[in-house]
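The next block holds one structure in the form of structure tokens; read it before the comments.
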Amino acid sequence: MISAYQDSMSVTENIPVSEETYNQILDLRRPDETLNDTLARLVEKVKKQRLTDDIEEVMARDEFVELDL
């Protein structure tokens, strides 16, 4: 299990993960980075990738309308 503790607005949560997943998260951890920092960084990366994917999907549809400004 991963135990995440957040200082501001303290929240402690146990998240069951396999040993393999836990070790993969540890492999992604940067020096002096907590597991919370690592997970937060990965979440932000996924959110940015989803936004990029959504934008690319809209651009690929090529269905734009002109705005009268």
Check: Glu19 main-chain N/O paired with Asn23 side-chain donor or acceptor under 3.5 Å: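 Side chain of Asn23 to backbone of Glu19: a pair is present.
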Is the backbone of Thr21 close enough, under 3.5 Å, to the side chain of Gln24 for a donor and an acceptor to pair up by distance? no
Examine [X] and [Y] and state if one hydrophobic cluster contains both, with Ile, Leu, Val, Met, Phe, Trp and Tyr joined whenever side-chain heavy atoms are less than 4.5 Å apart.
X     : Y     : answer
Ile15 : Tyr22 : yes
Met59 : Leu51 : yes
Val58 : Ile55 : yes
Leu35 : Val17 : yes

Roughly how far, to the nearest 0.5 Å, is the CD atom of Gln49 from the CG atom of Leu42?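 Going from the CG atom of Leu42 to the CD atom of Gln49 covers 13.0 Å.
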CD of Glu56 to CZ of Arg61: how many Å apart, nearest 0.5 Å?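 Glu56 atom CD to Arg61 atom CZ measures 12.5 Å (nearest 0.5 Å).
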Provide the closest heavy-atom pair for Thr38 versus Arg29 in the form atom of the first, atom of the second, distance.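 Looks like OG1-CG, 3.0 Å.
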Given Lys48 and Glu44, is the salt bridge (charged side-chain N to carboxylate O under 4.0 Å, His left out) satisfied, shown in steps? CA-CA 6 Å; Lys48 288 177 184 176; Glu44 282 304 309; 5.3 Å; no
